[in-house]
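Let me begin by presenting the structure, written as structure tokens, before commenting on it.
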Amino acid sequence: MVYADGRMIREPADLKNTLTRDALTDKLGRPQRSLRVSVTDRCNIRCRYCMPEEHYVWLPREELLNFEELTSLIDAFTFNGVEDIHLTGGEPLLRPNLATLVRMLRTNPRIRDIALTTNAVLLAKHATELRDAGLHRVTVSLDTLQPDRFVALTRRDNHADVLAGIESARRAGFQNLKINAVVIRGVNDDELSGLLEFGRGIGAEVRFIEYMDVGGATDWSPTKVFSRSDVLEKLGQKYGDIEPLIENSSSPAERFKLADGAVFGIIASTTTPFCKNCDRSRLTADGLWYLCLYAKAGFDLRKILRDGATTEALISRVASVWREREDRGAELRTLEKNRSAFISIDQLRKDPHLEMHTRGG
Ligand code: SF4
């Protein structure tokens with residue numbers, strides 16, 4: 001295979017005929033399509049549902065993969081069916097020269113879509129260079145339109161920066177802009193229509209996300225979850241009939257249409273998990289591969305890579321691990337009685353890989 005930058009990657013002969021996208025599935029018959037790549041575990045805000053503590057244990061900087069290492073690993077994933085790359089963090093725009101990584105990824109002809117999920121605090125500075133580098137899509141996390149509430153939620157005073165970042169992304173020409181809003185009962189559940197109208201005004205699709213109990217969500221409790229049905233009921237009271245869109249997609253968002261044509265999504269990971277269609281996994285900035293957001297252990301691909309593994313060996317390793325995958329963490333959580341936070345603070349202190357900001361939420 002010849003990459004756009006002229007590199008030749010030899011497709012392993014023994015894998016060439018067996019690793020077709022239909023052939024490689026996990027134990028539950030799920031193909032591998034999407035890889036969320038965390039490029040840093042650091043974040044510049046402190047959302048209470050993700051990073052509620054005062055202090056954190058960070059990944060040692062020398063253990064972070066450089067861009068060559070990252071693209072080598074991603075190459076191995078793309079030989080195994082991955083075609084969508086989501087760059088996440090922490091906050092991915094804290095990683096210096098992210099546009100360079102995007103440019104490197106764009107040379108891989110197997111990658112169909114490169115998306116960035118960001119809190120947009122730094123987006124105004126980087127939107128144009130990322131667009132020029134070939135980034136396809138941007139999703140912005142924004143839970144409130146109220147500056148004071150933003151400070152209370154994130155413990156940082158950057159609401160205006162986020163709005164400027166969103167505007168810059170529009171100006172830079174990003175289509176299919178998405179706004180992700182985590183909805184927490186009693187915190188921002190009074191902003192559903194406001195967020196929806198904001199999205200409509202800027203041509204972005206808003207997705208309401210149920211509060212999840214993963215990683216550092218140590219304050220999580222079932223009573224704080226504003227569920228899929230709560231969202232539909234509340235928006236139905238304001239807008240009338242809501243029509244579900246029937247789509248053949250493995251996207252985590254269910255999409256709905258209002259009578260006036262506005263489309264929005266709900267990601268109901270907590271009450272209505274979509275594990276049976278889950279085609280995604282996560283790579284941390286230091287090269288650990290997690291097969292599920294709820295997985296407590298990952299596979300150390302950095303070690304294999306730094307020990308000198310060949311491209312063929314990496315491809316084989318990714319294939320063999322995926323074939324054994326049977327994770328369905330969110331589904332299993334729904335079966336638990338007296339459900340509370342998934343991971344304790346003590347466990348998070350001992351292993352920062354358990355944090356959502358480390359593995360890309
Ligand atoms: S809980 Fe795990 S298996 Fe289920 S959708 Fe999330 S990442 Fe996929």
Side-chain angles (χ1 to χ4, degrees), residues 21 24-38 41 49-50 73-74 77 80-90 113 115 117 139 141 178 180-183 207-218 220 222 225 227-228 247-255 265-285 287-299 301 318-336 339-343 347-348 351 353-361:
R21 286 177 181 149
L24 182 66
T25 53
D26 69 9
K27 279 192 163 174
L28 303 180
R30 300 169 297 189
Q32 183 173 214
R33 296 255 192 273
S34 169
L35 183 68
R36 298 185 74 91
V37 179
S38 170
D41 59 328
Y49 54 79
C50 180
L73 287 183
I74 292 169
F77 281 94
N80 282 295
V82 165
E83 50 192 15
D84 299 338
I85 301 294
H86 292 245
L87 301 174
T88 72
D113 186 61
T117 299
T139 296
S141 303
K178 292 195 174 70
N180 278 354
V182 175
V183 186
R207 303 175 332 160
F208 299 108
I209 302 176
E210 289 181 348
Y211 186 13
M212 291 185 74
D213 52 355
V214 282
T218 49
W220 186 92
V225 177
S227 70
R228 170 188 183 277
E247 296 172 312
N248 184 14
S249 157
S250 63
S251 163
E254 257 182 289
R255 296 170 81 228
I266 300 179
I267 301 180
S269 322
T270 303
T271 66
T272 322
F274 32 84
C275 300
K276 67 177 185 304
N277 293 323
C278 180
D279 57 7
R280 68 204 57 224
S281 60
R282 293 169 164 78
L283 186 65
T284 63
L288 262 64
W289 179 29
Y290 287 86
L291 300 181
C292 176
L293 198 47
Y294 285 89
K296 288 190 174 163
F299 294 84
L301 296 179
V318 169
S320 63
V321 171
W322 190 264
R323 282 198 188 94
E324 294 304 311
R325 177 184 188 246
E326 50 188 349
D327 299 70
R328 51 189 193 97
E331 275 183 7
L332 295 177
R333 289 289 286 166
T334 62
L335 304 178
E336 287 192 24
R339 189 170 170 183
S340 61
F342 182 55
I343 306 279
Q347 288 173 296
L348 294 169
D351 184 2
H353 292 97
L354 295 170
E355 296 279 5
M356 194 156 48
H357 66 260
T358 304
R359 58 178 67 179

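Both counts, for ligands and for their atoms, begin at 1 and track the order of listing.
Between Thr117 and Ser141, the closest heavy-atom pair is CG2-OG, 4.1 Å. Minimum heavy-atom separation, Gly89 to Ser38: O-OG, 3.3 Å.
Under a 4.0 Å criterion applied to the non-hydrogen atoms of Arg282, ligand 1 contributes the atoms 7 (S). Near Cys278, meaning under 4.0 Å from any of its heavy atoms, are these atoms of ligand 1: 3 (S), 5 (S), 7 (S), 8 (Fe). Close approach of ligand 1 to Phe274 (heavy-atom distance below 4.0 Å) involves ligand atoms 5 (S). Atoms of ligand 1 lying under 4.0 Å from any heavy atom of Ala330, numbered from 1 in the order shown and given with element: 1 (S).
In this structure, OG1 in Thr284 is found 12.5 Å from CH2 in Trp289, a value given to the nearest 0.5 Å. In this structure, Arg207 CZ and Asn180 CG are separated by 4.5 Å, a value rounded to the nearest 0.5 Å.
In this structure, the protein non-hydrogen atom closest to atom 2 (Fe) of ligand 1 is Cys292 SG, 2.2 Å. In terms of protein heavy atoms, atom 3 (S) of ligand 1 is closest to Asp327 O, 3.7 Å. The protein non-hydrogen atom at the shortest distance from atom 6 (Fe) of ligand 1 is Leu293 CB, 4.4 Å.
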Handout entry: From CA spacing to verdict: side chain to side chain contact (heavy atoms under 4.5 Å, CB included), Leu24, Arg323
Key = CA-CA 7 Å; Leu24 182 66; Arg323 282 198 188 94; 3.6 Å; yes
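Atom 2 (Fe) of ligand 1 lies at 2.8 Å or more from every N, O or S atom belonging to Cys275.
Lys276 has its side chain out of reach of Arg328: every pair of non-hydrogen atoms, C-beta onward, lies at least 4.5 Å apart.
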